[in-house]
Amino acid sequence: MLELINLTKEFGTRKILNEVNLKVSDGEIVSVIGMSGTGKSVLLKTIIGLLSADGGQIILDGTDITDFTEQEFNQFVRPNMSMIFQEGALWDSMTVGQNIDLALKFQKHLSEEERRKRITESLKMVGLPPIHDEYPEELSGGMMKRVAIARAIATRPKYLLYDEPTTGLDPVLSNMINELIMRLNSELGTTSLVVSHDIEGVERISNRVAMLHRGKIVLTCDAKDMRRQDNEIFNNFIQGKVYFK
């Protein structure tokens, strides 16, 4: 289980995360929604240790990882937690195989042959052929998204963090990625935290939905009950209405 207790992150005098509280149980898909600039990506980066928290706690499977060093995150957290970045974050100068192998090199016990096999398996899981030797610039947007997910699952992590996985994709590809998120959760037994603006996708793939507004979680509900909430901020957002408060 992943638990955030009063998690705070500041940039200068601005509180991006203001005492965020959230629990994600094993096997769940929890989606975080909210307006652009409200701190959703910062939330994911703080959880995985790319940004340091300024207050509160991050509890992962009973261990407080809030103040872990970079070495401790690499050793104890990142082998079990992977993040899919909004733009994929693939290295253009590296082939698909080399990009995925970056994650696997942290797994010291895997031989080069075993890593190559894992790369092929991961590409297959996301519906791609063994395109080890192709470069990101040769791929479509949808393929790049799936390669980024293949890299994330190559280490067979328990936790997957998705930052806007369907951004920039047409409805068909968005549906494909959403179906993939659900399938991977089922097949690999992962626990997923998804940041997304895709309300229909969120409603379909999530067990629960949380809304981040001005640095705070203002509502958490079961996805099946999204359309029956008594919260003006939440309702206006999922209906696409302008809200300034």
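Keep in mind it's a predicted model, so treat the numbers as computed, not measured.
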For residues 45-55, dump all side-chain donor-acceptor pairs below 3.5 Å to protein atoms at least two apart in sequence or in another chain.
unit_1: T46; atom_1: OG1; unit_2: V42; atom_2: O; d: 2.7
unit_1: D54; atom_1: OD2; unit_2: E10; atom_2: N; d: 2.7

Specify the closest pair of heavy atoms between T155 and S82, including all atoms of both residues, with the distance to one decimal.
OG1-OG, 3.6 Å
Linked hydrophobic residues, L102 as query - side chain contacts closer than 4.5 Å
W91, M94
Test side-chain contact (heavy atoms from CB on, under 4.5 Å) on R146 and M144; report intermediate values, then the result.
CA-CA 5 Å; R146 285 184 284 167; M144 284 194 286; over 6 Å; no
Describe, in one word, how the ring planes of F73 and F68 are oriented to each other, choosing from parallel (under 30°), tilted (30 to 60°) and perpendicular (over 60°).
perpendicular
Option among L44, V32, V194 that satisfies the side-chain contact (heavy atoms from CB on, under 4.5 Å) test with D163:
L44
Contacts of E134 that satisfy salt bridge (charged side-chain N to carboxylate O under 4.0 Å, His left out) - sequence neighbours left out
none
Heavy atoms, side chains only, cut-off 4.5 Å: are E3 and L22 in contact?
no
Salt bridge between R204 and E179, side-chain N to carboxylate O under 4.0 Å?
yes
Test item: K158 and M81 side chains (from C-beta on) under 4.5 Å apart, heavy atoms
no
Given side chains that start at C-beta, do those of L169 and K145 come closer than 4.5 Å, heavy atoms only?
yes
If hydrophobic clusters are built by linking Ile, Leu, Val, Met, Phe, Trp and Tyr wherever their side-chain heavy atoms come under 4.5 Å apart, do V126 and I205 end up in the same one?
yes
CG of L2 to NZ of K23: how many Å apart, nearest 0.5 Å?
11.5 Å
For D230, look at atom CG and say whether over 12 heavy atoms of other residues, nucleotides or ligands are found less than 6.0 Å away.
no
Rounded to the nearest 0.5 Å, what's the gap from CD on E164 to CD1 on I177? Could you check?
13.0 Å
Exercise: identify the closest heavy-atom pair between P136 and L90:
CG-CB, 4.0 Å
Would V202 end up clustered with V218 when hydrophobic side chains under 4.5 Å apart are linked, directly or stepwise?
yes
Using a 4.5 Å cut-off on heavy atoms from C-beta on, say whether the side chain of L104 contacts that of R151.
no
Taking the side chain as everything from C-beta on, heavy atoms only, tell me whether I131 gets closer than 4.5 Å to L139.
yes
Do I29 and I181 come within less than 4.5 Å of each other through their side chains, counting heavy atoms only?
yes
Out of R78, Q71, E72, which residue meets the side-chain contact (heavy atoms from CB on, under 4.5 Å) rule with N74?
R78
Are N21 and L4 side-chain neighbours, meaning at least one heavy-atom pair lies under 4.5 Å?
no
Please examine the side chains of R227 and I238, heavy atoms only from C-beta on, and report whether any two atoms are closer than 4.5 Å.
yes
Looking only at heavy atoms, which two atoms of V24 and S192 are closest? And how far apart?
CG1-O, 4.3 Å
Can we say E121 and R156 salt-bridge, meaning some charged N sits less than 4.0 Å from an Asp/Glu carboxylate O?
yes
Closest heavy-atom pair, M35 versus H197, reported as atoms and distance to 0.1 Å, is C-NE2, 4.1 Å
Do you know the tightest heavy-atom contact between S25 and T191?
O-CG2, 3.3 Å
Do D101 and R118 meet the salt-bridge criterion of a basic N to acidic O distance under 4.0 Å?
no
Measuring from L110:CG to K117:NZ, what's the distance to the nearest 0.5 Å?
11.0 Å
Any idea which heavy atoms bring T120 and P130 closest together, and the distance?
CG2-CB, 4.4 Å
Indicate whether any N or O donor in one side chain lies under 3.5 Å from an N or O acceptor in the other, for D64 and T66.
yes
